[in-house]
Amino acid sequence: RDFGAPPIPAARDHSPRRAENTWPGWAGHARQRLRQGVHGHARPRSGLVVLRTPQRDNADALADALNQAGHSTAWQRHDRTRAQTRGALAGIWDGGQLSDTETADLEVFCKQMSSDGAPVVVLLDFPRRDCVDRAYKAGAAIVLGKPYLNADLLASLEAATTASHRAHAA
C-alpha cells in the first residue's frame with residue numbers, strides 16, 4: 001500500500017533497517033502529511049501532555065512526536081517530587097514491566113491526571129496480561145506495548161482524550 005512516502009533507501013551492508021532510523025526525511029514527510037490531515041482524519045485536538053518517564057531520552061523522544069502533532073509537553077521523572085501540572089489534556093506514563101514500585105507511581109500519576117479529567121496512556125515493555133490488568137486497575141485509559149509506532153501512540157492519545165471529553169460532557 002502506498003502512503004505517499006518516499007522509498008526507504010537500502011542499507012549498504014544489506015542488513016535490515018527500520019524506516020525511522022535510516023532516513024530522517026521519511027519521518028519528516030510522514031509528520032508533514034499528518035499535520036496536513038492527508039490521511040482523511042480531522043486534526044486531533046492539541047494541548048498539554050504530561051510525560052512521566054524515568055529517563056530524559058524517553059521524554060525527548062515522546063516530546064518530539066507529540067510536538068510534531070501540535071501538543072505541548074511537560075516532563076516528570078519517576079523518582080522526583082511530583083510537580084502539579086494543571087490543565088493537562090492527557091498524561092503518558094512510561095514504565096517497564098510494572099513492578100510494585102512502578103504500580104504505586106502509576107496510581108499516583110493517574111490520580112493526579114484525573115483531577116483535570118485527563119486520561120493516561122501507559123507504555124510498558126512487552127506487557128503481559130497481568131501487567132495490563134494492573135495498569136487498568138491503577139487508572140490507565142489505554143496500555144500500549146513497547147516498541148510502539150508514533151502513529152499508534154498519537155491515535156491512542158486521541159482516542160483516550162476523545163472518550164474522556166465525551167464522558168465529562170455527559
At their closest point, which heavy atom of [X] faces which heavy atom of [Y], and how far apart are they?
X: A141; Y: A160; value: CB-CB, 4.1 Å
X: R86; Y: L48; value: O-CD2, 4.1 Å
X: A118; Y: A88; value: CB-O, 3.5 Å
X: K146; Y: G95; value: NZ-O, 2.8 Å
X: A138; Y: E107; value: CB-CG, 3.5 Å
X: F126; Y: P147; value: CZ-CD, 3.5 Å

(request) Please say whether more than 12 non-hydrogen atoms of neighbouring residues, nucleotides or ligands are located less than 6.0 Å from NZ in K111. (result)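 No, not enclosed.
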(request) Kindly check if the number of other-residue, nucleotide or ligand heavy atoms within 6.0 Å of CG (D130) is above 12? (result)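 Yes, because the 6.0 Å sphere around CG of D130 holds more than 12 heavy atoms from other groups.
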(request) Let me see the working for V120 and R52 under side-chain contact (heavy atoms from CB on, under 4.5 Å), right down to the final yes or no. (result) CA-CA 10 Å; V120 174; R52 189 135 175 90; over 6 Å; no
Minimum side-chain heavy-atom gap [X]-[Y] below 4.5 Å:
X: F109; Y: Q76; value: yes
X: W93; Y: V143; value: no
X: L51; Y: N58; value: no
X: L66; Y: N150; value: no
X: P54; Y: D94; value: yes

(message) I'd like to know if the side chain of T162 and the backbone of A159 have a donor-acceptor N/O pair within less than 3.5 Å.
(response)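 Here the side-chain-to-backbone pair does not exist.
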Nearest 0.5 Å please: distance from the [atom1] atom of [X] over to the [atom2] atom of [Y].
X: L144; Y: S156; atom1: CG; atom2: OG; answer: 4.0 Å
X: L89; Y: T161; atom1: CG; atom2: OG1; answer: 5.0 Å
X: T103; Y: L98; atom1: OG1; atom2: CG; answer: 3.5 Å
X: T53; Y: R77; atom1: OG1; atom2: CZ; answer: 9.0 Å
X: E158; Y: H71; atom1: CD; atom2: NE2; answer: 7.0 Å
X: W75; Y: I92; atom1: CH2; atom2: CD1; answer: 15.0 Å

(message) Please evaluate residues L62 and V49 with respect to the criterion side-chain contact (heavy atoms from CB on, under 4.5 Å), reporting the C-alpha separation (whole Å), side-chain torsions for both, the decisive distance (0.1 Å), and the verdict.
(response) CA-CA 10 Å; L62 288 166; V49 178; over 6 Å; no
(request) Considering only NZ, NE, NH1 and NH2 on the basic side and carboxylate oxygens on the acidic side, decide whether R56 and D60 come within less than 4.0 Å. (result)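 Yes, this pair counts.
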